[in-house]
S.K.: 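Pasting in a structure now, in structure tokens, and then I'll have a few things to ask.
Every number for a ligand or one of its atoms is a count from 1 in the order of the listing.
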Amino acid sequence: MATTRDLTETAPPATDETITCQGERFRLYLTDEAIQSRLQEIGTAISEEYEGRTPILVSVLNGAFMVTADLMRYITIDCEIDFMKLSSYGDEKVSSGNVTELKRIDANLQGRDVIVIEDIVDTGLSMQFILKKMQAHNPASLRTVTLLHKPTSNDTDVTLDYVGFDIPDLFVIGYGLDYGQIARNLPHIYILDEE
Ligand code: 5GP
């Protein structure tokens with residue numbers, strides 16, 4: 001999988017602080033502060049690169065609602081927003097590999113500068129599915145943002161334009177990311193403790 005912008009940062013090692021979710025132990029991994037600082041950098045880059053244009057952000061529900069709300073506030077040029085919703089992992093930690101669309105985009109994307117916002121790219125199947133849907137609208141341009149990226153797990157060949165953090169191939173929760181629909185409200189991101 002290609003990343004076209006030199007914005008990727010490898011996330012720091014997990015801390016010793018742990019929480020339990022669905023009976024499993026997770027380590028504090030990315031603090032709200034680290035996330036915000038990275039989103040600010042990406043928001044600034046987008047504002048500069050899209051100067052004079054009005055991009056439309058396409059947020060992928062449910063997981064990306066939080067990153068979208070924060071990133072949008074770091075974008076200082078005019079921008080619009082719309083939402084699509086894909087099937088999720090369900091209650092499992094591993095993707096079923098089947099992606100289905102639960103809510104379609106409402107906006108007319110023809111001739112628009114579209115920026116897709118994801119919380120995490122794992123196998124890349126969801127992003128591949130989304131990009132195919134977006135291309136069908138004939139946008140003027142199409143770029144992708146993901147807060148997290150698991151580079152060792154990619155099966156697909158999609159281009160990620162703005163990547164918050166490269167992370168190991170381990171399950172993460174918090175900051176919009178769920179485990180069986182809970183944990184989305186945690187302000188920080190936690191990573192599964194393998195020990
Ligand atoms: P992909 O299609 O790239 O395999 O997976 C993308 C979607 O799977 C994400 O939008 C997210 O909903 C879910 N996902 C992938 N990895 C994780 C993870 O580590 N934690 C959580 N909570 N969801 C994940």
S.K.: Please classify the K150 to ligand 1 contact at 4.0 Å (heavy-atom distances, strictly less than): side chain, backbone, both or neither.
M.R.: side chain

S.K.: Are any of the side-chain nitrogens in R27 or E17 under 4.0 Å away from the carboxylate oxygens of its partner?
M.R.: no

S.K.: Is Y179 close to ligand 1, meaning an N/O of one under 3.5 Å from an N/O of the other?
M.R.: no

S.K.: Does at least one non-hydrogen atom of G124 fall below 4.0 angstrom from an atom of ligand 1?
M.R.: yes

S.K.: Going by the atom numbers of ligand 1, which of them fall below 4.0 Å from some non-hydrogen atom of V121?
M.R.: 3 (O)

S.K.: Looking only at heavy atoms, is any part of L86 under 4.0 Å from ligand 1, and if so is it the side chain, the backbone, or both, or is it neither?
M.R.: neither

S.K.: Does a donor on one side chain and an acceptor on the other come within less than 3.5 Å for D70 and Y175?
M.R.: yes

S.K.: Show me which atoms of ligand 1 lie under 4.0 Å from any heavy atom of L177.
M.R.: 21 (C), 22 (N), 23 (N)

S.K.: Considering the heavy atoms of D178, write down every atom of ligand 1 situated less than 4.0 Å from one of them.
M.R.: 21 (C), 22 (N)

S.K.: Which atoms of ligand 1 are found less than 4.0 Å from any heavy atom of I120?
M.R.: 6 (C), 9 (C), 10 (O), 11 (C), 14 (N), 15 (C), 16 (N), 17 (C), 18 (C), 19 (O), 24 (C)

S.K.: Output the list of atoms in ligand 1 that are nearer than 4.0 Å to some heavy atom of T123, sorted by atom number.
M.R.: 1 (P), 2 (O), 3 (O), 4 (O)

S.K.: Considering all heavy atoms of both residues, which atom of T159 and which atom of T144 are nearest to each other, and what is their separation?
M.R.: O-OG1, 2.8 Å

S.K.: Counting only heavy atoms, tell me which of D169, L170, V172, I173 gets closest to atom 20 (N) of ligand 1.
M.R.: V172

S.K.: Side chain of R73, backbone of A69: donor and acceptor closer than 3.5 Å?
M.R.: yes

S.K.: Please round to the nearest 0.5 Å and tell me the distance separating atom OG1 of T76 and atom CD of E51.
M.R.: 7.5 Å

S.K.: Name the residue from I56, L57, L131 that meets the side-chain contact (heavy atoms from CB on, under 4.5 Å) definition with V114.
M.R.: I56

S.K.: Out of curiosity, I117 CD1 to I130 CD1, how far, rounded to the nearest 0.5 Å?
M.R.: 11.0 Å

S.K.: Closest heavy-atom contact between I167 and Y29?
M.R.: CG2-CE2, 3.6 Å

S.K.: Closer than 4.0 Å to some heavy atom of E118 - which atoms of ligand 1 meet that?
M.R.: 10 (O)

